[in-house]
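The block underneath contains the structure these notes are about, expressed in structure tokens.
Chain letters run A, B, ... following the sequence lines, proteins first, then strands; residues in each count from 1.
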Protein chains: 2
Amino acid sequence: MFQEFFLGFVKIHVLYHASKQPIYGAEILEELARHGYRLSPGTLYPTLHRLEKDGYLSVEKRVIEGKVRKYYAITGQGLAVLGESKKKIAELVDEVLLDK
Amino acid sequence: MFQEFFLGFVKIHVLYHASKQPIYGAEILEELARHGYRLSPGTLYPTLHRLEKDGYLSVEKRVIEGKVRKYYAITGQGLAVLGESKKKIAELVDEVLLDK
DNA sequence: GTCCACAATATCGTCTGCTGATATCGGACT
DNA sequence: AGTCCGATATCAGCAGACGATATTGTGGAC
């Protein structure tokens, strides 16, 4: 679908939420669905793994109500990307939304 | 590099410029470079072909000062994606930039 | 008209990443 | 030990990204 245009958006959403507080996979899936991004676990989980492997997220296992969850938090490197993303978003807004 | 986060941005830039006036490959490369997106011809051209094949862009060959250029213009379907993109951008801004 | 220069576009092999469907995990409860 | 269930993991097939390199097409020089 349009996915190819928005997968980057999804990753930025993930970084952003992970910068607010640790998040786990299933939670993100719901959150993203609320924004109209329908992506399957088969897409999200490998993505989380990669973001962690690449040093943008750190992971911590927790047990909540008998369920194992992996909470992801943003790292310094992740914050750098998020900052860069904000600049790029601002640029996009200037051009595409504000027609400058 | 960070490219995986921003390739969607690049495509949206392309659609946007193509909605203003027909554009050609080499021109886009420069324009994108101005925005800090360094991507090679080997990435851009196949992308243009695909956007055209998928019906988001239409193409017209022109000769300018002895050089063949392929000018791409946005289609109705492309405008639809661009519109959808604007919504998504606005959402991103609300969350990531404005911290809502 | 042949050759050259040059901008622009095209192609290639390889690698990385996306995808939906399906499987597996691990703790709690009985 | 067995079952349930939320959550995470994996797989095979396919699509897309990438840098480097090659090709195209036109106007002008001679």
Side-chain angles (χ1 to χ4, degrees), chain A residues 1-15 17-18 21-33 36-73 81 88, chain B residues 1-15 17-18 21-33 35-73 81:
Chain A
M1 245 276 288
F2 297 164
Q3 210 78 311
E4 71 169 302
F5 294 94
F6 302 127
L7 255 177
F9 285 30
V10 165
K11 293 174 188 174
I12 293 172
H13 264 287
V14 168
L15 289 184
H17 282 110
Q21 56 190 310
I23 50 176
Y24 64 99
E27 177 186 19
I28 305 175
L29 279 177
E30 284 180 28
E31 165 70 18
L32 289 174
Y37 301 105
R38 273 165 292 158
L39 60 104
S40 82
T43 299
L44 179 67
Y45 286 108
T47 296
L48 289 176
H49 298 163
R50 195 154 23 74
L51 290 179
E52 191 225 338
K53 180 172 76 61
D54 293 347
Y56 303 128
L57 297 176
S58 65
V59 65
E60 180 196 354
K61 195 185 288 189
R62 291 189 211 164
V63 177
I64 307 284
E65 295 175 11
K67 307 302 170 190
V68 176
R69 294 178 183 170
K70 294 203 176 167
Y71 279 85
Y72 291 89
V81 174
K88 298 290 191 198
Chain B
M1 246 275 290
F2 298 164
Q3 209 79 310
E4 72 169 301
F5 293 94
F6 302 127
L7 254 177
F9 285 30
V10 165
K11 293 174 187 174
I12 293 172
H13 265 287
V14 168
L15 288 184
H17 282 110
Q21 56 190 308
I23 50 176
Y24 64 99
E27 177 186 20
I28 304 174
L29 278 178
E30 284 179 29
E31 165 70 18
L32 289 174
H35 284 279
Y37 300 106
R38 272 165 292 156
L39 60 106
S40 82
T43 300
L44 179 67
Y45 287 107
T47 297
L48 288 176
H49 298 163
R50 194 155 21 79
L51 290 179
E52 191 225 338
K53 181 172 74 61
D54 292 347
Y56 304 127
L57 295 176
S58 66
V59 65
E60 180 197 355
K61 193 186 289 188
R62 292 190 209 164
V63 176
I64 308 283
E65 296 175 10
K67 308 301 170 192
V68 177
R69 293 178 182 170
K70 294 203 175 168
Y71 279 85
Y72 291 89
V81 175

Apply the test side-chain contact (heavy atoms from CB on, under 4.5 Å) to residues B:Val14 and B:Leu48: give CA-CA distance (whole Å), side-chain angles for both, the deciding distance (0.1 Å), then the verdict.
CA-CA 9 Å; B:Val14 168; B:Leu48 288 176; 4.1 Å; yes
For B:Tyr45 and B:His49, take the angle between the two ring planes, folded into 0 to 90°, and tell me which bin it lands in: parallel under 30, tilted 30 to 60, perpendicular over 60.
tilted
Compare the minimum distances between each of D:dC18, C:dA10, D:dT10 and the side chain of A:Pro46, then state the nucleotide with the smallest one.
D:dT10
Check whether the ring centres of B:His35 and B:Phe9 lie less than 6.0 Å apart, and answer yes or no.
no
Are OP1 or OP2 of D:dG25 and a side-chain N or O of B:Lys61 less than 4.0 angstrom apart?
no
Will you find, in the side chains of A:His17 and A:Glu31, an N or O donor that is under 3.5 Å from an N or O acceptor?
yes
Answer with base, sugar-phosphate or nothing: what part of the nucleic acid does B:Gly25 contact at a heavy-atom distance below 4.0 Å?
sugar-phosphate
Over how many whole Å does the gap from A:Leu29 atom CG to D:dA9 atom P extend?
12 Å
Please give, in whole Å, the distance from C:dT22 P to A:Tyr45 OH?
18 Å
Please state whether the phosphate of C:dC18, meaning OP1 or OP2, lies under 4.0 angstrom from any side-chain nitrogen or oxygen of A:Thr47.
yes
Presence of B:Ser40 side-chain N/O under 4.0 Å of D:dC18 phosphate oxygens OP1/OP2
no
Return the nearest nucleotide to the side chain of B:Lys67; candidates are C:dA8, D:dG16, D:dA9.
C:dA8
A:Leu57 CG to D:dT8 P, in whole Å, measures 13 Å
For B:Glu4 and C:dT16, give me the distance from atom CD to atom P, rounded to whole Å.
13 Å
D:dA7 phosphate, OP1 or OP2: any side-chain N/O from A:Tyr24 under 4.0 angstrom?
yes
Whichever of A:Glu65 and A:Leu44 has the more 5' nearest nucleotide on DNA chain C, that residue is A:Leu44
Mind calculating the distance between CG (B:Leu39) and P (D:dA20) to the nearest angstrom?
14 Å
B:Glu52 CD - D:dG16 C1' separation (whole Å)
17 Å
Checking all strands, does B:Leu7 fall into the base, sugar-phosphate, or nothing category for heavy-atom contacts under 4.0 angstrom?
sugar-phosphate
Tell me which nucleotide among C:dG27, C:dG20, C:dT9 gets nearest to the side chain of A:Val63.
C:dG27
From NZ of B:Lys53 over to C1' of C:dA10, roughly how many Å is that when rounded to an integer?
17 Å
Pairing of A:Arg69 and A:Glu27 as salt bridge, 4.0 angstrom limit
no
For D:dA17, take OP1 and OP2 only and decide whether either is under 4.0 Å from a side-chain N or O of B:Lys11.
yes
Any side-chain heavy-atom pair of B:Leu57 and B:Leu15 under 4.5 Å:
yes
Rounded to whole Å, please give me the gap between CD in B:Glu27 and C1' in C:dT9.
14 Å
Of the nucleotides C:dG27, C:dT9, C:dT19, which has the atom closest to the A:Val68 side chain?
C:dG27
For D:dA17, take OP1 and OP2 only and decide whether either is under 4.0 Å from a side-chain N or O of B:Arg50.
yes
